[in-house]
Amino acid sequence: MKSEPDTFSIDDLKKKGVAGWDGVRNYQARNNLRTMQKGDQCFFYHSSTKIPAIVGLMEVVREAYPDSSADKPGWVQVDVKFIKAFSTPLSLEDIKGMSALKSMVLVKSSRLSVQPIKPEEWTFLLKKLDK
DNA sequence: GCCAACGTTGGC
DNA sequence: GCCAACGTTGGC
C-alpha cells in the first residue's frame with residue numbers, strides 16, 4: 001500500500017496505531033482493498049519521495065467499508081494497524097535490482113496504489129526487511 | 001520540474 | 001464503442 005510521506009507516513013501510522021486507509025480513487029486499487037481480509041498483513045510504501053521504499057509493516061484490522069471521505073458512494077477504505085517500521089527500508093532501486101522481485105506489480109505497474117504481492121515475493125521481502 | 005505511463009472524460 | 005484530449009501519478 002502506497003502513500004506519499006508528506007501526506008501520510010509510516011511515522012504518522014505509528015503515532016495513530018490504527019488508521020483508516022481512505023482516499024483511494026482508482027477502481028483497480030479499490031478492488032484490491034475489497035479482497036483484503038482481517039488479519040492480512042501488508043507493506044507500507046513511501047512514494048513520490050527522494051528514496052521511494054518499503055518502510056513498514058501493518059495489519060488489516062477492519063475489512064472494506066464505505067470511505068467517508070468520498071463525495072460519491074462506491075469507494076471503500078480499510079483500517080490498518082501499525083506493526084513496525086523497518087530499521088532499514090528497502091528502496092525501489094534495490095527492489096529493481098533483485099531478480100526474485102522482477103515481476104512485482106510495483107516494478108511492472110508502478111502507479112497502482114494498492115497492489116497484490118505474490119506469496120514468494122512476500123516471503124522474500126520479509127526475510128530481507130525484518131531482521 | 002520534466003515526462004512517460006496510465007486512467008478518465010466526453011464528443012462523435 | 002472509439003479515440004483524442006486532458007488529468008494524475010510517481011520516478012528521476
Side-chain angles (χ1 to χ4, degrees):
Chain A
M1 302 179 85
K2 303 196 296 186
S3 176
E4 297 185 24
D6 287 348
T7 307
F8 188 73
S9 71
I10 188 69
D11 287 335
D12 295 328
L13 180 62
K14 186 177 186 176
K15 266 177 233 154
K16 288 188 80 172
V18 172
W21 201 275
D22 60 8
V24 170
R25 296 293 181 272
N26 171 282
Y27 291 109
Q28 215 180 326
R30 185 200 63 185
N31 292 343
N32 290 333
L33 280 180
R34 285 203 165 130
T35 67
M36 300 177 79
Q37 299 192 307
K38 198 172 173 182
D40 283 352
Q41 293 193 337
C42 33
F43 291 121
F44 194 127
Y45 178 85
H46 279 172
S47 66
S48 296
T49 185
K50 276 223 160 140
I51 305 172
I54 295 174
V55 294
L57 186 66
M58 52 198 178
E59 181 183 323
V60 176
V61 292
R62 184 175 173 190
E63 293 172 15
Y65 62 99
D67 181 346
S68 53
S69 75
D71 48 3
K72 284 180 190 164
W75 300 111
V76 298
Q77 65 180 65
V78 298
D79 287 354
V80 291
K81 183 179 74 178
F82 175 85
I83 295 181
K84 63 161 53 183
F86 297 118
S87 51
T88 312
L90 188 65
S91 70
L92 179 61
E93 191 184 1
D94 290 341
I95 290 169
K96 284 182 168 171
M98 294 171 182
S99 59
L101 304 176
K102 231 182 215 152
S103 61
M104 269 192 79
V105 179
L106 187 66
V107 178
K108 296 276 173 191
S109 175
S110 59
R111 286 186 54 179
L112 187 59
S113 65
V114 181
Q115 311 188 345
I117 298 187
K118 296 180 198 71
E120 61 270 26
E121 292 165 349
W122 179 268
T123 308
F124 182 89
L125 284 165
L126 250 198
K127 204 190 287 178
K128 282 273 168 205
L129 283 158
D130 195 19
K131 286 170 198 155

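Each chain gets a letter, A, B and so on, in the order the sequences are listed, and its residues count up from 1.
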Engineer: Once side chain to side chain donor-acceptor pair (under 3.5 Å) is applied, what residue pairs with a partner in residues 26-46 of chain A remain, sequence neighbours excluded?
Structural biologist: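 Not a single pair qualifies under side chain to side chain donor-acceptor pair (under 3.5 Å).
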Engineer: Just wondering, more than 12 heavy atoms not from Ile51(A) lying within 6.0 Å of its CD1?
Structural biologist: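 No, not enclosed.
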Engineer: May I ask you to decide if the ring planes of Phe44(A) and Trp21(A) are parallel, tilted or perpendicular, using 30° and 60° as cut-offs?
Structural biologist: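 Ring orientation, 0 to 90° scale: perpendicular.
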Engineer: Any idea which heavy atoms bring Glu121(A) and Ala100(A) closest together, and the distance?
Structural biologist: CG-O, 4.3 Å
Engineer: Using distance alone, with no hydrogens and no angle criterion, decide if Ser69(A) and Asp67(A) have a side-chain donor and acceptor under 3.5 Å apart.
Structural biologist: yes
Engineer: Taking ring pair (Phe, Tyr, Trp, His ring centres under 6.0 Å) as the definition, give me every residue that meets it alongside Phe82(A), ordered by chain and number, with sequence neighbours left out.
Structural biologist: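 So Phe82(A) forms no ring pair (Phe, Tyr, Trp, His ring centres under 6.0 Å) with any residue.
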Engineer: Heavy atom of residues 19-35 of chain A under 4.0 Å from DNA chain C: which residues?
Structural biologist: none
Engineer: Would you check, one step at a time, whether the test salt bridge (charged side-chain N to carboxylate O under 4.0 Å, His left out) holds for Asp130(A) with Lys84(A)?
Structural biologist: CA-CA 9 Å; Asp130(A) 195 19; Lys84(A) 63 161 53 183; 2.5 Å; yes
Engineer: Does anything in residues 92-107 of chain A come within less than 4.0 Å of DNA chain C? Heavy atoms only, and list the residues if so.
Structural biologist: Leu92(A), Lys96(A)
Engineer: With distance as the sole test, does Ser113(A) use its side chain to make a donor-acceptor pair with the main-chain N or O of Lys2(A) at under 3.5 Å?
Structural biologist: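 No, the answer is negative, given that no donor and acceptor are paired below the 3.5 Å cut-off.
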Engineer: So for the helix from dG1(B)-dC12(C) to dC12(B)-dG1(C), with five pairs setting each end axis, what is the inter-axis angle to 10°?
Structural biologist: 10°
Engineer: Anything under 3.5 Å between a protein N or O and an N or O of nucleotides 1-5 of chain B, put it in a table, one pair a line.
Structural biologist:
{"unit_1": "dA5(B)", "atom_1": "N3", "unit_2": "Arg111(A)", "atom_2": "NH1", "d": "2.9"}

